*Asks:* 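One structure follows; several queries about it will come next.
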Amino acid sequence: MKSHIESLLEQTLESFKQQGIVPADFQARIQVDRTKDKSHGDLATNLAMMLTKVAQKNPRELAQLIIDNLPTSSHVAKVEIAGPGFINFFIDDNALANQLQHALNDEHLGVALPAKQTIVVDYSSPNLAKEMHVGHLRSTIIGDSVVRALEFLGHNVIRQNHVGDWGTQFGMLLAYMEELRAANGEQAQMELSDLETFYRAAKVRFDESSEFATRARQLVVALQSGDEYCNKLWREFNDISLSHCHEVYQRLGVSLTRADVHGESAYNADLAQVVNDLDAQGLLSESNGAKVVFQEEFRTKEGEPLPVIIQKADGGYLYATSDLAAMRYRSNVLKADRAMYFVDLRQALHFQQVFSLAKLAKFVREDMSLEHTGFGTMNGEDGRPFKTRSGGVVKLVDLLDEANVRALELVRSKNPDMDEATITEIARVVGISAVKYADLSKNRTSDYIFSFEQMLSFEGNTAPYLLYAYTRVAGIFKRVEDIDLSQAKITLEHEKEKDLGTKLAQFGEVLTRMTDKGLPHVLCGYLYELASEFSSFYEACPVLAADTEEQKQSRLLLSQLTAKTLKTGLSLLGIDTLERM
Ligand code: ARG
């Protein structure tokens, strides 16, 4: 409906240009917003105010002129001028009912699909030396939800798990693996089942033995120059490390597969070329033996130039070098129109620098959009970065285990008579959803406090609240199994039916806002409001005990569309629904 009003206003603006009311080359970004207050209609625009300068008329006069020139539309019941010159649109109830009826029978729930784009989404991307820990949670689940929403909107989405699998730390790990193999053969495999311990033990050896350290350095050099033995060892290590990641993904219900892994090592062969190309364009400078690029706009607080380091004095490449190669690949090979990077906000400067350099060096097409969709830190209840009691990093599997234990207690206490297998399954879904939803529902750009208590509460904008709301809506249909709704029609009479209908009709707008900026909390907030809107409707409007058969059927359809919208919305957040809980 919003896009319909936008298009009416665009046509009006066109006719203004033809009539010479505004210059023919005038460009306006027409803005239509949902009103906060129902007495102001459903949608409003500030277009009149935007035109005052170019049209040299006062805004109320212009607002009237816009209304006079607005093409007639059966979707609009009434248009009004408000305040200094806002235009309020009241949507026709029948048109709204028809829109909802159409949504019910459409696989995309009536959401208008945008022009198709190829979109690379870089997310999760852990460093493989360590096991996945809480620091990887945000990128993984926020990225996965945006990926799902983009795919729902029909885009060609290419997931890229840009794992850190090529740094100098690999020498240390390989040396340690070699040592373990020599000592206990197959036992080494077992040791790797706990990567965190493995990493720490390797580090201890590295620090205590200079022979070990030398061996580690030899192994990196050998690895990066293609030595077969080292590469074999490295592949084995990565394989085990990646299987750990994929166990976590599976448990989290994250859609990444092994085919989406395209880590730093994948660009190894391109790195020398990146250096040559920058050199050929005269962009490289020397700084203490290293090859760097200075860009005017990047300076320290003190005004000192801040370079991107491309190659170290010893010949080694850096994080930025593989990112430059990756951007070129994403532009030229993957043909991306847009690339989104779900990476900690602490890397903001890195991305500003490499994005601007990639454009400068023409590694990506001029019109390719590069977006660092960053996120804040997940903190403990003390407001400090989330740690174990002893101050160590919290492994993701441990966090999920605890969520599961707590969810089990919760579900059991609510359903004392339920059989154990059902409790276990419900708790699995509740535990994982609670962790995911708590993260997704916060604006990604801020830090947030991780609290099991809050995320497992049935009150407020939480997973249990929404999952429960869904079971209530879906529950209605358990009681009307044999009803035939194929001829049923939605009519909106009661105030609460209209409110629910208006909310339902906003699903598409919400998905657009969510995917434009990569903000899943927009969808969470909407689903929460929808669930609350449904509650008020259900309280005020008896469904199965409606006055007439038509009314009952119409209300059943509204309930059905609510159930579908909640289920689809949650699935786009990567959250499974339950039929009971
Ligand atoms: N592996 C990096 C880290 O753990 C994140 C990589 C993000 N993606 C990228 N293209 N730089 O910090």
Side-chain angles (χ1 to χ4, degrees), residues 119-144 146-147 157-170 173 195-196 199 234 237-238 241-242 244-246 248-249 254 256 258 260-268 270-271 274 293 308-310 316-334 336 338-359 361 363-364 368-378 385-386 393-396 444-445 518:
I119 304 174
V120 163
V121 183
D122 181 322
Y123 71 109
S124 195
S125 310
N127 290 332
L128 290 191
K130 297 194 179 174
E131 208 161 312
M132 287 188 79
H133 56 82
V134 295
H136 298 119
L137 186 67
R138 303 208 73 187
S139 174
T140 306
I141 64 187
I142 300 172
D144 203 51
V146 173
V147 156
V157 179
I158 306 176
R159 296 162 175 77
Q160 291 283 281
N161 194 356
H162 189 89
V163 295
D165 57 359
W166 204 240
T168 41
Q169 75 274 28
F170 280 91
L173 297 168
L195 282 174
E196 213 53 45
Y199 182 87
W234 170 81
F237 180 85
N238 271 356
S241 185
L242 275 173
H244 280 290
C245 295
H246 283 273
V248 176
Y249 296 152
V254 161
L256 283 167
R258 286 292 272 258
D260 304 318
V261 174
H262 206 85
E264 292 179 18
S265 64
Y267 303 101
N268 187 43
D270 306 333
L271 301 180
V274 166
V293 178
V308 181
I309 308 175
I310 305 293
Y317 300 106
L318 292 106
Y319 186 49
T321 329
S322 34
D323 258 326
L324 287 169
M327 277 186 274
R328 176 137 78 172
Y329 170 76
R330 291 166 185 189
S331 173
N332 298 350
V333 181
L334 300 180
R338 180 181 184 196
M340 304 172 89
Y341 291 73
F342 288 92
V343 186
D344 197 309
L345 273 172
R346 282 173 288 197
Q347 295 190 27
L349 178 62
H350 163 78
F351 285 109
Q352 284 162 22
Q353 288 187 302
V354 294
F355 287 172
S356 107
L357 179 52
K359 289 259 158 116
F363 284 177
V364 299
M368 177 175 169
S369 166
L370 297 166
E371 302 161 33
H372 175 208
T373 36
F375 49 81
T377 309
M378 173 172 143
F386 200 77
V393 285
V394 179
K395 286 194 210 172
L396 258 183
R444 64 167 163 74
T445 58

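The chain is numbered in sequence order, starting from 1. Both counts, for ligands and for their atoms, begin at 1 and track the order of listing. Every value quoted in this text rests on a predicted model; they were computed, and no experiment measured them.
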*Asks:* At a 4.0 Å threshold, what atoms of ligand 1 neighbour a non-hydrogen atom of Asn127?
*Replies:*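 Listed by number with element: 1 (N), 2 (C), 3 (C), 4 (O).
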
*Asks:* Can you check whether Arg330 has an N/O within less than 3.5 Å of an N/O in ligand 1?
*Replies:*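 The answer is no, given that Arg330 and ligand 1 share no N or O pair closer than 3.5 Å.
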
*Asks:* Show which atoms of ligand 1 fall inside a sub-4.0 Å distance from at least one heavy-atom site of Val343.
*Replies:*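 Counting atoms of ligand 1 from 1, those under 4.0 Å from Val343 are 7 (C), 8 (N).
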
*Asks:* For ligand 1, which atoms sit closer than 4.0 Å to a heavy atom of Tyr341?
*Replies:*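 With Tyr341 as reference, the close atoms of ligand 1 come out as 10 (N).
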
*Asks:* Just by distance, with hydrogens left out, do Thr373 and Glu371 show a side-chain donor and acceptor under 3.5 Å apart?
*Replies:*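 The criterion, which ignores hydrogens and geometry beyond distance, is not satisfied for Glu371 and Thr373.
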
*Asks:* Can you sort out which atoms of ligand 1 are near Tyr319, meaning under 4.0 Å from one of its heavy atoms?
*Replies:*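 Those atoms are 2 (C), 5 (C), 6 (C), 7 (C), 9 (C), 11 (N).
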
*Asks:* Is there a side-chain contact between Thr321 and Tyr267, using heavy atoms and a 4.5 Å cut-off?
*Replies:*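 Thr321 vs Tyr267: side chains apart.
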
*Asks:* With a 4.5 Å limit on heavy-atom distance, are the side chains of His350 and Tyr341 in contact?
*Replies:*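 Side-chain contact under 4.5 Å: no.
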
*Asks:* Tell me if a side-chain donor or acceptor on His372 pairs with a main-chain N or O of Gln352 at a distance below 3.5 Å.
*Replies:*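 Not a single qualifying donor-acceptor pair exists.
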
*Asks:* Quick one: does Met327's side chain get under 4.5 Å of Val354's, heavy atoms only?
*Replies:*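 The answer is yes, as the side chains (C-beta and beyond) meet within the 4.5 Å cut-off.
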
*Asks:* For Leu370 versus Lys359, what's the shortest heavy-atom pair and its separation?
*Replies:*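 Result for this residue pair: CD1-CE, 4.3 Å.
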
*Asks:* Distance under 4.0 Å to a non-hydrogen atom of Asp122: what atoms of ligand 1 satisfy this?
*Replies:*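 By the 4.0 Å cutoff, the relevant atoms are 7 (C), 8 (N), 9 (C), 10 (N).
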
*Asks:* Taking Ser125 for the side chain and His162 for the main chain, is one N or O donor matched with an acceptor at less than 3.5 Å?
*Replies:*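 Answer holds: yes.
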
*Asks:* Is Gln347 close enough to touch ligand 1? Criterion: a residue heavy atom under 4.0 Å from a ligand atom.
*Replies:*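 Checking ligand 1 against Gln347, which is what was asked, there is a heavy-atom contact under 4.0 Å.
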
*Asks:* I need the contact type for Phe351 against ligand 1. Using non-hydrogen atoms and a strict under-4.0 Å cut-off, is it side chain, backbone, both or neither?
*Replies:*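 The answer is the side chain of Phe351.
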
*Asks:* I need the contact type for Asp323 against ligand 1. Using non-hydrogen atoms and a strict under-4.0 Å cut-off, is it side chain, backbone, both or neither?
*Replies:*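 Side chain only.
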
